[in-house]
Amino acid sequence: MFKIAADGSVQGASIQKSSGFRDLDKAAMAALSKCRFKAATENGQPVESSQPVQYVWTLD
């Protein structure tokens with residue numbers, strides 16, 4: 001779960017369910033912290049919101 005700030009940056013990310021591997025959990029958090037989103041709006045103004053995200057790791 002993570003919070004999208006009014007400016008679209010990610011704030012307050014947390015792991016709800018671990019992958020079971022600390023390094024993968026850390027990589028997911030690092031990747032999410034680099035993302036930017038379009039903030040939700042309320043009455044035409046950007047506002048904070050919370051969203052879940054799921055990273056699925058696969059080996060090719």
Side-chain angles (χ1 to χ4, degrees):
M1 182 72 81
F2 66 100
K3 185 181 293 182
I4 300 171
D7 68 0
S9 64
V10 173
Q11 298 181 343
S14 63
I15 294 178
Q16 302 295 306
K17 182 179 177 187
S18 174
S19 68
F21 296 93
R22 183 179 47 145
D23 289 343
L24 290 179
D25 292 345
K26 288 171 76 174
M29 293 290 287
L32 186 58
S33 70
K34 294 177 183 178
C35 293
R36 301 272 305 169
F37 296 89
K38 183 175 180 182
T41 58
E42 194 172 284
N43 297 322
Q45 298 298 315
V47 294
E48 283 186 356
S49 62
S50 294
Q51 294 294 318
V53 66
Q54 180 178 355
Y55 277 92
V56 178
W57 299 104
T58 60
L59 297 176
D60 291 329

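Nothing here was measured: the structure is a model prediction, and the numbers come from that model.
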Applying the 4.5 Å side-chain criterion to the ILVMFWY set and letting contacts propagate, would Met29 and Trp57 be lumped into a single cluster?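 Different clusters.
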Do Ile15 and Phe2 sit in the same hydrophobic cluster, where Ile, Leu, Val, Met, Phe, Trp and Tyr count as joined when their side-chain heavy atoms come under 4.5 Å apart?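 Hydrophobic grouping puts Ile15 apart from Phe2.
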Check the pair Tyr55, Leu24 against side-chain contact (heavy atoms from CB on, under 4.5 Å), reporting the backbone distance first and the verdict last. CA-CA 9 Å; Tyr55 277 92; Leu24 290 179; over 6 Å; no
Taking all non-hydrogen atoms of both residues into account, name the closest pair between [X] and [Y] and its distance.
| X | Y | answer |
| --- | --- | --- |
| Met1 | Ser50 | SD-CB, 4.2 Å |
| Leu32 | Val53 | CD2-CG1, 4.1 Å |
| Pro46 | Ala39 | CB-CB, 4.0 Å |

Could you name each residue pair satisfying side chain to side chain donor-acceptor pair (under 3.5 Å) that touches residues 3-20, not counting sequence neighbours?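 Of all non-adjacent pairs touching residues 3-20, those that pass side chain to side chain donor-acceptor pair (under 3.5 Å) are Asp7-Ser9, Ser14-Gln16, Ser18-Asp25, Ser19-Asp25.
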Residues two or more places apart in sequence or in another chain: which of them pass salt bridge (charged side-chain N to carboxylate O under 4.0 Å, His left out) with Lys26?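 Here no residue qualifies.
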